[in-house]
Amino acid sequence: MSTSRFEPSSIKNKVKREEVARKQKKQKRQDKLQRRLAQAKVEADDPVAKKKRREQNVPRTLDNTREFDPSFLTANSASSSSTTAQPEASSSSNVPDHGQAHPSEHQPQDESAADLANDSFASYFSGVADPTLPPKVLITTSPKATRVTYDFCDELVNIFPGGEFIRRKKGKGFEMGRIAGWAAGRGYSHLAVVNEDMKKPNAVTIVYLPDGPTAYFKLTSIELSKKIRGHARPTEHFPELVLNGFVTRLGHSVGRLFQTLFPPMPEFQGRQVVTLHNQRDFLFFRRHRYAFRSTEKVALQEIGPRFTLKLRSLKKGLPAVKNLGEPSKTLEFDTFEEGTEDVEMATNDPKEDGKGEEEVDKQVEVEPKSKKAVPPTEDEYQWIWKPELETTRRTFFL
Amino acid sequence: MSDSQHAISCTSNGALRLVHLGAEENAPSTQTGVLPMRLCDWRLSHSGETFAYGGDEVELSVWNTEAAFTRLPAGDSGSESKKRKRDQLLPGEVWRSKNLPNDGLGLRRPVHITALIYLQPSSSISHHHLLAGTQEGHIRRYDTRAARRPVANWERIGKMGGISTAEKGLHEHEVFVGDHGYNLMALDLRNGRVIYGYKGLSGAVSSIAPSPELLASACQDRFLRLHSTFPPPAVEGQQQEHKGEVVDKLYMKVIPAAVVWDGISDSMRVADAAADSDDEEGAEDGVWDAMDDAEDDDDEFELNTTFVSLSAITHVTVSMPHGFVPVWLVGNIPHNYAHVATIEWHEYNSIYPSNAIFNLIPLVYPYGWLLTMGSTPSYGPAQLNAGRTVSLPYRFQADLVPSVVLARLSDNEAGEDSEEPASDAPYDLAH
């Protein structure tokens with residue numbers, strides 16, 4: 001707006017100019033203060049007016065004006081097609097199932113729900129596993145890690161009820177994909193690899209076993225629990241989970257991945273809660289103990305480490321292990337018999353005699369072996385963060 | 001042969017199947033053949049006379065289609081198999097490629113072909129030119145008449161994860177290549193250079209479908225994108241002036257496994273507008289083929305190339321891994337921009353264990369019928385839904401999940417049969 005007041009910048013004398021400018025600013029501040037005091041006085045008597053003013057004066061933030069992403073998963077299918085969709089906080093990761101009789105507008109919603117229900121994490125939610133048993137999580141580091149990372153890993157073991165730490169060895173058979181395959185065979189449900197750079201943990205890769213997606217997060221702002229002032233002491237109870245701000249399909253995948261790290265039935269007696277709060281694609285991890293002081297008031301005490309994650313990539317399948325220098329394989333042919341796997345060698349190989357004719361007991365051996373989780377030779381990315389995807393400051397993906 | 005339709009399919013463990021689909025069919029007759037295991041891609045040539053495959057330590061091979069079914073598979077008699085030398089062609093096989101010579105360190109180059117297409121360098125149909133993409137990201141061009149080794153080897157085209165898909169573009173000397181990272185690019189076939197790449201993808205490209213003006217791509221980040229395409233420069237090596245861009249994207253609720261173009265463009269739609277009543281699902285006259293055009297398509301393509309503009313209406317059919325088979329119609333686009341809209345959506349209830357299906361390839365029958373074939377670990381018949389259901393029974397092994405199921409439909413009876421599919425026909429599983 002054009003000022004009709006006198007501009008102090010037109011005064012050439014610095015001393016005088018500063019004096020005038022200071023006086024003007026002070027005047028402005030005083031006017032504002034008086035206005036606000038008068039407003040407060042009016043609103044002290046009239047709470048309705050206060051509410052109205054607050055409703056009208058909602059500030060415009062990047063979260064409020066987030067770019068519309070068609071992969072928003074909302075409970076209301078109509079709102080997902082609007083151009084300014086509000087991000088919804090979802091505290092549960094299960095998308096509600098809609099009824100069977102659906103007109104065509106609801107069909108897309110069912111499809112999203114069906115897709116979510118059929119992703120890699122479905123076995124956790126189907127209730128096949130014992131809900132009182134915590135899912136086993138194998139935590140390890142990048143090779144040649146230092147004490148700082150080991151301290152962080154100790155905290156991680158504490159966070160996940162089924163967590164176990166194993167030191168990472170260096171060598172050819174200890175690539176992340178191979179460890180994942182081995183762990184899947186041993187009954188682990190997750191593999192978490194904390195990567196270290198410059199003597200500090202900087203990334204964590206979470207692999208859902210046996211063949212699930214691999215999520216790579218950048219790890220920042222780590223504060224260990226002993227550094228937090230007035231921190232609480234954790235117990236062995238299974239925590240409750242709060243997952244905030246996962247709106248899009250990708251966000252739901254990440255939320256579900258996180259949910260499967262914890263046992264499905266929390267122990268409320270422990271009064272512990274783990275929060276993963278997503279805001280602007282940053283995931284804030286916190287762990288608290290709560291105590292209800294009254295029916296309305298609750299007190300929180302922070303327990304555990306706090307750190308921030310940012311999703312960088314989501315790969316389909318286990319991490320790849322490149323098999324360079326593998327010997328060549330001959331052509332094989334399959335005999336298509338029911339329930340068995342017979343393999344015949346087509347080429348001339350005098351050493352292997354009658355390998356095509358397997359005995360019955362050998363067939364039984366073949367079956368469980370073939371279910372081993374084998375890491376792929378190349379990665380296939382479902383989502384990678386690239387700077388070119390952030391076309392505006394209001395674009396978020398989770 | 002001319003009034004029977006048949007579909008040929010192949011799985012990654014080498015099960016080759018030919019199914020004759022006649023007029024009134026309750027039990028289509030099938031013929032099987034045996035191919036090597038560990039296949040990664042299988043393609044039928046444009047005329048259907050030959051097919052080619054390649055895979056993990058499986059060299060690129062071209063076979064004669066008829067011979068593949070009529071001749072006995074090699075593995076039947078054990079004594080003969082031992083005598084065969086490594087390089088001897090299998091019965092039915094016409095040509096097999098040879099690996100490149102050892103690299104600078106004297107090491108054998110690994111063979112892993114992940115994508116395969118037949119090229120048609122001139123307007124005449126030829127079975128001889130092939131393009132293969134490998135897992136290291138190299139693209140090799142083969143000429144079966146010239147030599148067994150590749151005619152051209154362009155390295156490091158697929159930078160992340162190897163070549164996932166390749167399709168011949170409808171301009172001359174143009175081929176589109178996608179890799180397992182987020183790269184989708186157009187190559188010039190004359191010198192193997194990348195002429196432009198598409199930005200804005202955030203996941204691996206699982207399937208692409210070129211059409212005269214647009215390219216559709218199905219990506220692992222659950223988006224179907226339409227891209228604009230521009231022909232390579234007239235003289236090879238010149239600068240590419242116009243680069244393709246992502247024109248529009250559509251969110252699919254699941255990860256799409258395949259996208260195909262059914263051969264219909266603007267000019268055809270105008271002609272059919274009177275003829276069509278309400279058939280949204282596929283155009284009557286669109287002869288459609290999973291790989292590329294069949295013979296009947298050729299004259300249609302000549303028509304199309306002159307009339308197509310960016311506002312072309314194309315049917316893009318995408319199939320989803322849960323047995324949902326939506327048919328997306330891109331129609332009635334205003335001339336200023338290309339927009340993707342859904343007009344009709346058919347849901348087929350599948351009784352497959354849905355998490356196991358990850359390669360459904362849709363094929364649009366000439367009369368708007370939809371043939372989809374999927375793979376599941378325990379049973380995976382292919383379903384033909386055409387108002388009546390015909391199943392192509394195929395049984396997969398419990399522990400072998402074929403990753404590639406491809407099929408091709410051959411000649412159709414053009415135009416007479418204008419039967420419309422029932423939109424709510426259930427996806428029947430008949431063993």
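In the text below, chain A, chain B and the rest are named by the order of the sequence lines, each starting its count at 1.
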Tyr381(A) vs His180(B), side-chain contact (heavy atoms from CB on, under 4.5 Å): CA-CA, chis, key distance, verdict: CA-CA 6 Å; Tyr381(A) 287 92; His180(B) 281 301; 5.7 Å; no
For [X] and [Y], work out which heavy atoms get closest and say how close.
X	Y	value
Phe333(A)	Met37(B)	C-SD, 3.9 Å
Ser328(A)	Glu57(B)	CB-OE1, 3.6 Å
Pro70(A)	Phe223(B)	CG-CE2, 3.6 Å

Phe282(A) atom CZ, over 12 foreign heavy atoms within 6.0 Å: no
Within 6.0 angstrom of Glu390(A) CD, more than 12 heavy atoms from elsewhere: yes
Heavy-atom proximity to chain B below 4.5 Å, by part of Glu380(A): both
Under 4.5 Å from any heavy atom of chain B - which part of Lys329(A): both
Partner chain A: residue of [options] with the largest heavy-atom pair count (under 4.5 Å):
options	result
His112(B), Lys199(B), Arg222(B), Glu59(B)	Arg222(B)
Leu201(B), Thr114(B), Asn99(B), Asp221(B)	Leu201(B)
Gly200(B), Ser202(B), Gly181(B), Gly203(B)	Ser202(B)

Contacting moiety of Asp56(B), where chain A heavy atoms sit under 4.5 Å: side chain
Between [atom1] on residue [X] and [atom2] on residue [Y], distance to nearest 0.5 Å:
X	Y	atom1	atom2	result
Cys219(B)	Gln382(A)	SG	CD	10.0 Å
Tyr182(B)	Leu389(A)	OH	CG	9.0 Å
Arg108(B)	Glu326(A)	CZ	CD	10.0 Å

Residue, of Asp379(A), Leu314(A), Leu324(A), that accumulates the most heavy atom pairs under 4.5 Å with chain B: Asp379(A)
Candidate pair Ile384(A) and Met160(B), rule side-chain contact (heavy atoms from CB on, under 4.5 Å), full reasoning: CA-CA 12 Å; Ile384(A) 307 180; Met160(B) 297 170 72; 3.5 Å; yes
